[in-house]
2 protein chains.
Amino acid sequence: MGTMDNEPTHACLGEQHAENGVAVQLPDPLVCARTAAIFRALGDVSRLSLLALLAQREMCVSELTEKLSDNLPAISQRLKLLRSERIVRSRRQGKHVYYSLADNHIALLISNGLEHGSEEPHG
Amino acid sequence: MGTMDNEPTHACLGEQHAENGVAVQLPDPLVCARTAAIFRALGDVSRLSLLALLAQREMCVSELTEKLSDNLPAISQRLKLLRSERIVRSRRQGKHVYYSLADNHIALLISNGLEHGSEEPHG
DNA sequence: AAAACAGTTGACGATTTCATCAACTATCGT
DNA sequence: ACGATAGTTGATGAAATCGTCAACTGTTTT
């Protein structure tokens, strides 16, 4: 912390971008990979619509199919992917399989995302 | 359209399925589209790593290039996509273009995601 | 004005992702 | 046991995505 002249905005001054203050830390590649996988899973309109329903309450596959006006195998494929990312959990009851969001954290992520998406005017 | 028959085509548990209380509301397709686009943009390891750096502070393209040990056009392409989704904003200063997260909401979304990604053991 | 530096862009090929369909498993009703 | 209902799965083809590279713009320096 010398008594150097401080640039107004941090600078890629003179030669290198010299860490004026705290060093930035590179994100852990494994954490990034895992997180990106989750975001990727949420980043599809049909899957996100499905999750927006599950954010309201637990539902079985056929109800999801009905509400989303889609065919059952399509919904099941999406659920399979979401399950593989531990975004949803399933529970069988008789002939039906009920799905719900895996945890509260995911629920928050989804509702925060939707909130943002509804605020932004889309470009 | 003969006799009015609004029964769902399947009964599930005879009552479970039949809106026990509040009806679920279908998500707005436009909101879903916009939100999914954002999640999709976050759902890539190289972009997310980049954003994890920008979450710490504003940086110019060449600094990002340096920190991420990548080539400049690659970084610039990613930033272009992130800009088109209004996830980052840019500001030119001399020869350099500085990037930062577009708003606080995005910053929270990213840090929440990373937090989740670091908690989960990946299966 | 020219060279050098910082960054952007469009295009192309390689990979990934997505929807669809047929065939499969699982549970219930009779 | 048989058929009907509920859901899963693997394969296939079509579409979107990502990295790379050459060529471009914009800014500073000499």
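Chain naming here is simple, since letters A, B, ... match the order of the sequence lines and numbering starts at 1 in each.
- Summary of helix geometry: the two end axes of the helix from C:dA1-D:dT30 to C:dT30-D:dA1, each defined by five base pairs via their C1' atoms, are inclined to each other by 20° (rounded to 10°).
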What pairs of nitrogen or oxygen atoms, one from the protein and one from nucleotides 18-21 of chain C, lie under 3.5 Å apart?
from: C:dC18; atom 1: OP1; to: A:R47; atom 2: NH2; distance (Å): 2.9
from: C:dC18; atom 1: OP2; to: A:R47; atom 2: NH1; distance (Å): 3.2
from: C:dA19; atom 1: OP1; to: A:S46; atom 2: OG; distance (Å): 3.0
from: C:dT20; atom 1: O4; to: A:Q77; atom 2: NE2; distance (Å): 3.4

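- As rounded to whole Å, 15 Å separates atom P of C:dA22 from atom CG of A:L72.
- OP1 or OP2 of C:dG10 lies within a sub-4.0 Å distance of a side-chain N or O belonging to B:K80.
- Spacing between atom CD1 of A:I75 and atom C1' of D:dT8 amounts to 14 Å, rounded to whole angstrom units.
- Side-chain nitrogen and oxygen atoms of A:H96 include at least one within less than 4.0 Å of the OP1 or OP2 phosphate oxygen of D:dG7.
- The nearest whole Å value for the distance from the CZ atom in B:R91 to the P atom in C:dG7 is 12 Å.
- Just one of A:R34, A:R40, A:R78, A:R47 meets the salt bridge (charged side-chain N to carboxylate O under 4.0 Å, His left out) condition when paired with A:E85; it is A:R34.
- Each of A:R92 and B:S90 has a nearest nucleotide on DNA chain C; the 5'-most of these lies closest to B:S90.
- Taking both residues in full, the closest heavy atoms of A:M59 and A:E63 are given as CG-OE1, 3.6 Å, listed atom of the first, atom of the second, then distance.
- OP1 or OP2 of D:dA6 has not a single side-chain nitrogen or oxygen of A:Y99 nearer than 4.0 Å.
- Taking side-chain N and O atoms only, B:S76 has a distance below 4.0 Å to OP1 or OP2 of C:dT8.
- Nearest nucleotide to the side chain of B:K95, out of C:dC5, D:dA6, C:dG7: C:dC5.
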